[in-house]
Each structure stands twice: as C-alpha cells, then as structure tokens.
> 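Just passing along the structure, written as structure tokens.
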Amino acid sequence: MTVTSQANPPSPPVDPWAPFVDAILAGLDAGLRGLSIPLGDAELRTQLDVEGGADGDIALPTHRIAHASRRDPAELALALAAAFPANPLVPSVRAKGAYVNFTVDPGRLTDATLSLVFQRGGRYGHAEPTGESVCVEHTSANPTGPFHIGRVRNSIIGDTLARARRAAGQAVTTQYYVDDMGRQAAMISWIWSKPRAEWPVPIRRAVDGEEIDGEKPDLHRGRPYPAISAYLKEHEDARAEVANLVRSIEEGQPPANHRELTEEILKGMLDSLARLKIGFDEIVWESSFLHDGSVERVLDRLRHAPHAVRESNGAWAIDASGLGLPKESTHVVFQRADGTSLYLSRDIAYHLAKFARFQSVTDVLGQDHQLHARTLSALLAEIGETSRPEFVIYQDITVPEGGRMSTRGGSAVWLDHLLEEAVERARREVLLRREDLSQGDIERIAESVATGAIRYHIVRVAPEKPVVFRWEEALSFEGRSGPFLQYSYARASSVLRRGEVAQGPYPYNADLLSDPEERSLIRILAGFPRAVTYAARSAHVQALAGYAHDLADQFNRFYHAVPVLKSGAERESRIALVAAVRQTLGNALDLLGVDRLETM
RNA sequence: GGGCGCGUAGCCUAGCCUGGAUAGGGCACCGGGUUCCUAACCCGGCGGUCGAGGGUUCAAAUCCCUCCGCGCCCGCCA
C-alpha cells in the first residue's frame, strides 16, 4: 500500500471565519508550547467560542486548560495573550479574567466575507459536495384526506432539513412513503366502490350538503373518512367487508378503484404542500415491497431470528425482552396468524431498501411513532442488520382547548383553510400599503407572504417542543415572522433598485464600513456558513429560522442608523453591503422555503 | 404502572447535543421616531428563583439523580 504525502486536501474557502480561527489556533498553539502545555488543534478548536463574547469576536475560556495543567486561569489567560505572536488578522488579543479575547481585523473580515458572498452568490453558505448520499423521509401521511396543520409540521421540518443538508453538500433524496395497503386506505376504497345510494345512511348524511363543486380531491374523497371510522365501530358486517378488502389488497388483488383513488387523493395533498414549496424526489408505495417479494424475505429473516417465537395460533413474534424496549412491548408480533404482514414488517423491508441505496437514512416522525421507531431499530438488529435510521421526532400541534388535532373530533385545522385565511389577510395588508400594484402582483405577493408566514411559524420552534395552534400567532406578519424576513429582503432589493445597481458588480472599500451597525452586520453575514452546517448536522432546523431573523434584524438596524444611497464617500461600499445582505438573506430564505420578494 | 418528550418574564420562543464572562429574541403593554433609501420598520422602557429539590464541577438553563406538572405511546392498527 502506498502512503502518499497528500495531507488533507485544502478545504475550499466557504467560511469567512476560517482563516481567522486558524490564525488564532496557530497563535495559541505557539503560546501553549512555550508553556509546555500539550493540546491538540482539534481539542483547542472545540474550546473556542467563535460566536464571540461581549469583549471580542472570538474568545477562549482558559479554565479547562488551566485546570488540566494546574495553573491559575487568569494567569494563563495573561500568559497566552502575551505570548500571542503578532498577526495582522488578529490585531487585538486581550486577557480579561480567565478569558482571552480576540478581535479580528474588521477590514479583513469584511473583505473575507463580502468577497466570498459575491464570489459564491447563490451558493454562499453552501459547502462543496461531500459525496454522501442521504435519504430524508418525511410527511408520509396516509392518503385518506386533506392535511391538517399538525401533519404539515412533519413536512416543514423534513423539507427544511433536506434543504439544509443539501446546502451542507450532501446528496439528498426526499421520500414520501405512501401507505396504500392498510385499513385506512381500504376504508376509502370501500366507500367509493359503492354507488352513493348504497352508502350507509350515517356516512351519506355526514357528507350531504358539505360538498362544493370542484373541491380538491383529497377533501372530496376524504370527506366520508371520519364517518366511516365511526360507522365501522358499530357495524361488524362493514368491518368484515373492509377486512376482506385489506386481505385482497395484500394478496395483490385490490379493488379496481384502489390505486386510482389513492393517487387522486395523494395528488390533492401534494398540491397543497406544493404551495409551501414542499415536494418529493420520490413517492414510495408501501405495496411495492410486498409485490417485489422483499416483505416475504423480511418475514423469513425474522422467523429465523434468534428470538423468534411462534404463537399457538400460528402468528410469529420476536421475544424482545432484553432488547431494551419498554416492558409491555417486549412481545413484538411481525406476522399475523393468517400469515399476512404488519406495518412494522413492511417498514423493515422499506428501510432495507433505503440502506441499500443511501449512506444515511433519516425519518421525520411524530412522537406517537416513537415506540415504533425504537422497535424498528431493535428488529433491524435482530435480523443482523447494522444500519439504523436517524429519527427526528417532533411533538404534536395541539389546539387551545386541549388535545391533538383530530380529524374525527373536528378540531383539525386544514392546511388549505389556513392558507386561504392567510392569503386573505396578506392581501389586505398589501392593499393597505400599496395602491400602485397590479392585481396579479398583489395576489402573488399575498400568496408568498401567506406561505412564508406559515412555514416560518412552524419551523422557528424546535421539533421536540409541543406547539399550541393559535390563529393569531400563525398569521402574524410582524416581529419574528416570515414576512419580516421578506420585508427586509424587499427593502434591500429596493435600495439596490433605486440605486440602479441591481446587477452589480459591487466594489467596496472595507475601511469605509466602520459604523458599529455595519460591523455587527458583517459579523452576522460571516456566520451564515456556520449556521447552515450546524442546522444540517444537528437537524436543529430552527437554527436557520433564528439566523435569518438575526440577519434581517441587524440589517434593519443598519438601515435606520446610516444612509446608503444618500451617503457620501461610503455610498458605494454601503451598496455592496446591502447587496451582500440581500444575497445572504435570500439564500437563507431559500433554505427555509420562504419566497424572496423583490417588493411588497 | 412503564417508556419517551416537554417545563425559560402575562403569552410565545432561542440557547441544552459539545457546561464558561451581565440568559438572546418576539408578542402584549408604556414612551418616542416618517419633509430622508419601503413604518410588515427602528429606538427606549417594563418584565426572569431558566418547574422544585439534591448532586457533579473552579463554573450548571446546559450534565446526573429524585420529585411535581403537561403531552404522547405501550394493538395479530398504521
């Protein structure tokens, strides 16, 4: 084997902070050597506070190092500051208490940042391709009716995560796993395979008078669903009919209308998501794993698994006591007494297919699927599979009266309804301030404001936090909201338009961008690549929402603090700064799936 | 009963993974700002025992334990 001298290939310059951090690490390393304190570069790097404290851009708390080498932290800080070799990138190194505070050269940071923004344009904040192929499965709602906002939380989290990981250089494939074979899908086929006149009266009554001509297929076809559900509870004969349907679907003999109906409803659902800029690379049908034999292979592997047990009635299960699952679920059935498979077994087949294609697999799941997720992992281990999915678990959206959004309980807020209301309010807001716009522009802006508000409202909160849905909050266009970001973007666009410099190039003199508000703004601009990397790695998509708000917020402060077009010598440089903000904020909006608006 | 998650000002929320210098925002409320590049904005003020208690540590919103409250799950459903 040939060992080449090729060290790490130089990573492309995508992070404006990188050269400054490297300079600081090198300077600290020299100081630590002088004090005979051994500390690796990687170790030191983790201790640096790059977001910066109040007294500099980058800080090093020395406590840990001091403790490990039995020194006084404050003295160590002084010593490290004193030993720091002069470096034009880092003109100020000061000890304060136990901290060493580094201030980078603002002109150089400005140069590093603006040049990178302009050079990379729409790819500023994006990493070079890593070559890693990953799958993000999200949404995967049963095609039984329209989306309510609780389910859409899954879609928004998943879509944003997919965008973040793409930006981080991963080759992302998004998948929607469609359950076209369970009881729920069968219920829909069951009712629609009958002429309306033959529908059970309670179901017909639930639908009569509710329907509107030309309504979306998911709404139309899904409307009887709650009534079917209630009806089946009371009627054993109907239950048997549905059970027969489930069996024939599993046997590959679905009713004639089945696939068509499922696709029709799914189409309606996907149309709604498309308004939120959410789409999928692949739609994966659960039935496909049954038909290609992979489910049977999974069942076979499970039957031969170490802890497989056969029940007296012929069903098969895994005795999972010892596999770390909660006590009551140690007995995991994977094959029914009649030989048919269960959702869990089919999901294993699906995951094996994913593992075969992707290096990493992420599933976005509601908290009610948490046990399923753990069981899935346990059974993957049981059949000797070493790959595991990563789960992003989010909490439900509840209604103020308490309880989850439920289709049956009538507490669900439909995405379509929310969109309708949001567009109407956005339209009113636009009309309030703009009389000069065409009807078409008003509608376009209202749609973007509405969808931007909804996406931002959901993504801003950490997935693991419960959310109570309130109309006033979801439709807020002020403060920490999507429209605030869009407004800031439109404002930056407006400045460039009025300055007649919409196209660039944007020459600047970094020394002229010395106002404190300008310096702060540049520091935030420089932080974008880090924010993207963090969101992608941690799956904390809310960090992107926070970043975009911080950037817009600081831009507005800058905007009010200093003139741009009406300034003197600084004009050109400030225009460049505005252009950089517009580019970066636009890139952030893209990752959030919030429309950029040139005007609003 | 068990498992998992959540608990940060009147309300919403960031920070928690990887402990570090006075806990960031937003809404609401009070007071200001538009002959000037978009006021969906900005400035100032008000408001915090980070659920409670204990532990680890030089240092805890952050890690560990206990308790309290809320949510979800515990099916030959998906």
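Computed from heavy atoms alone, side chains included, the values below leave out hydrogens, waters and symmetry copies. Each chain gets a letter, A, B and so on, in the order the sequences are listed, and its residues count up from 1.
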> Regarding A/Ala317, tell me which of base, sugar-phosphate or nothing describes its non-hydrogen contacts under 4.0 Å with the strands shown.
nothing
> Looking at every strand, decide which applies to A/Val246 at a 4.0 Å heavy-atom threshold: base, sugar-phosphate, or nothing.
nothing
> In whole Å, measure the gap between the P atoms of B/rA52 and B/rG69 for me.
15 Å
> Are OP1 or OP2 of B/rU57 and a side-chain N or O of A/Arg64 less than 4.0 angstrom apart?
no
> If we take the P atom in both B/rU62 and B/rC6, what is their distance in whole Å?
13 Å
> May I ask whether A/Tyr99 stacks on the base of B/rA21, given the cut-offs of 5.5 Å between ring centres and 30° between planes?
yes
> Determine, using ring centers only, whether A/His63 and A/Tyr99 are less than 6.0 Å apart.
yes
> Atom pairs under 3.5 Å, N or O on each side, protein against nucleotides 26-36 of chain B: can you list them with distances?
residue : atom : partner  : partner atom : Å
B/rG26  : O2'  : A/Arg480 : N            : 3.3
B/rC36  : O3'  : A/Lys566 : NZ           : 3.1
B/rC36  : O2'  : A/Lys566 : NZ           : 2.7

> Mind checking A/Gln554 for me? I need base, sugar-phosphate or nothing, with any heavy atom below 4.0 Å counting as a touch.
nothing
> Under 4.0 Å, counting only non-hydrogen atoms across every strand here, what does A/Val430 touch: a base, just sugar-phosphate, or nothing?
base
> For B/rG20, is there a stacking contact with A/His63, counting only centres under 5.5 Å and planes under 30°?
yes
> Determine whether A/Arg153 and A/Val461 make a side-chain contact, defined as any pair of heavy atoms from C-beta on separated by less than 4.5 Å.
yes
> Checking only heavy atoms, does the side chain of A/Asp338 share a donor-acceptor pair with the base of B/rC76 at less than 3.5 Å?
no
> At a cut-off of 3.5 Å, list every protein nitrogen or oxygen paired with a nitrogen or oxygen from nucleotides 44-47 of chain B, distance to 0.1 Å.
none

